[in-house]
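Excluded from the calculations below are hydrogen atoms, water molecules and symmetry mates; all remaining heavy atoms, backbone and side chain alike, are included.
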Amino acid sequence: MKKTVFSFAIAVVAAALVSCGNKTAQGDATDSTAVEQTEQAEEKEVPIDSLKELSCDAYTAKVPEGFKARSRVVNSSCNMGFKEAPFTTAAFNYDAYTNIEKWKEDMVKQGAQPVEDITANGNTFSVFFKVDKNDQTQNFYAATPRGEGVMTIKAYEGAHQMDKAEAKEVIKAQMQILADNVTLK
């Protein structure tokens with residue numbers, strides 16, 4: 001009887017090992033295929049700071065010289081940054097829920113002052129300037145109509161050692177460059 005139970009136990013263990021061996025072999029094949037597909041996807045995906053343009057249904061923004069993409073487009077919003085002082089951040093967006101007149105009213109309500117409009121690629125951008133309440137960050141805002149909504153660009157300075165007036169002029173010039181690199185769809 002002991003011999004029969006012992007033989008039966010060996011047969012069960014052997015069957016379990018064979019069964020596990022097949023599953024492991026199949027698992028290894030499946031796992032290596034999944035790893036290979038993941039590696040191929042990662043190879044195709046360009047790192048964010050290497051992107052040359054950011055695009056959504058409303059617009060395409062090319063990344064100008066001196067700037068680096070800081071995000072991919074999420075819905076219709078994306079960011080890029082200037083690599084040197086004043087370390088400008090540019091935020092692009094499309095707002096389908098407002099129009100250009102309402103946007104201008106909102107800018108004035110927020111304490112922004114209108115400055116000279118800019119024209120780029122056949123579009124006129126209304127431009128506003130504002131210094132934050134803490135008197136630290138200079139912000140330029142630009143918007144142009146697109147369909148029922150507006151395409152917007154916000155550019156603001158980062159931490160830098162430049163003279164404030166000089167930084168303001170750099171950011172103002174960058175607004176034109178940023179607008180020049182936007183194509184509305």
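- Every residue two or more places apart in sequence or in another chain was checked for a side chain to side chain donor-acceptor pair (under 3.5 Å) with Asn99, and none qualifies.
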Donor-acceptor pairs are to be reported for all side-chain atoms of residues 114-126 against protein atoms at under 3.5 Å, with residues two or more places apart or in another chain.
residue	atom	partner	partner atom	Å
Asn121	ND2	Asp180	O	3.0
Asn121	ND2	Val182	O	2.7
Asn123	ND2	Asn121	O	3.4

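- Not a single ring-ring contact (aromatic ring centres under 6.0 Å, His included) links Tyr156 to another residue, sequence neighbours left out.
- Legend: salt bridge (Lys or Arg N to Asp or Glu O under 4.0 Å) pairs involving residues 74-98, not counting sequence neighbours: none detected.
- Applying the salt bridge (Lys or Arg N to Asp or Glu O under 4.0 Å) rule to Lys130 yields no partners; only residues at least two apart in sequence or on another chain are considered.
- Atom CG of residue Leu54 and atom OG of residue Ser76 lie 12.0 Å apart, to the nearest 0.5 angstrom.
- Between Pro145 and Leu184 the shortest heavy-atom distance is O-CD1, 3.8 Å.
- Partners of Asn181 under the side chain to side chain donor-acceptor pair (under 3.5 Å) rule, at least two apart in sequence or in another chain, do not exist in this structure.
- When all heavy atoms of Lys185 and Cys56 are compared, the pair lying nearest together is NZ-O, 2.7 Å.
- Counting only residues at least two apart or in different chains, side-chain hydrogen bond (donor to acceptor under 3.5 Å, both in side chains) contacts with residues 61-71 comprise Arg70-Thr89.
- Applying the salt bridge (Lys or Arg N to Asp or Glu O under 4.0 Å) criterion to Glu101, with sequence neighbours excluded, gives Lys104.
- Residue Glu53 holds its CD atom at 10.0 Å from CE of Met80, rounded to the nearest 0.5 Å.
- Neither Met175 nor Ile177 shares a network with the other; the hydrophobic side chains, linked directly or stepwise wherever heavy atoms of I, L, V, M, F, W or Y lie under 4.5 Å apart, form separate groups for each.
- Among Phe82, Phe87, Phe92, the single residue meeting the ring-ring contact (aromatic ring centres under 6.0 Å, His included) criterion with Phe67 is Phe82.
- Heavy-atom neighbours of Lys172 NZ from other residues, nucleotides or ligands within 6.0 Å: at or below the threshold of 12.
- Looking only at distances, a side-chain donor or acceptor of Asp163 sits under 3.5 Å from a matching main-chain atom of Ala165.
- The hydrophobic cluster of Ile48 has no other members, since no ILVMFWY side-chain heavy atom comes under 4.5 Å of it.
- Both Phe129 and Leu178 belong to a common hydrophobic cluster when Ile, Leu, Val, Met, Phe, Trp and Tyr are linked at side-chain heavy-atom distances under 4.5 angstrom.
- In this structure, Val63 is not a member of the same hydrophobic cluster as Val170, with clusters built from ILVMFWY side-chain heavy atoms closer than 4.5 Å.
- When the salt bridge (Lys or Arg N to Asp or Glu O under 4.0 Å) test is applied to Lys164, the partners found at least two apart in sequence or on another chain are Glu157.
- Shortest non-hydrogen contact noted between Ala58 and Arg146 is O-NE, 3.1 Å.
- Contact between His160 and Pro86 at its shortest, heavy atoms only, is CD2-CB, 3.5 Å.
- A search for ring-ring contact (aromatic ring centres under 6.0 Å, His included) contacts involving Tyr59 returns nothing, not counting sequence neighbours.
- As a member of the Ile/Leu/Val/Met/Phe/Trp/Tyr network built from side-chain separations under 4.5 Å, Val108 groups with Ile100, Trp103, Met107, Phe128, Tyr141, Val150.
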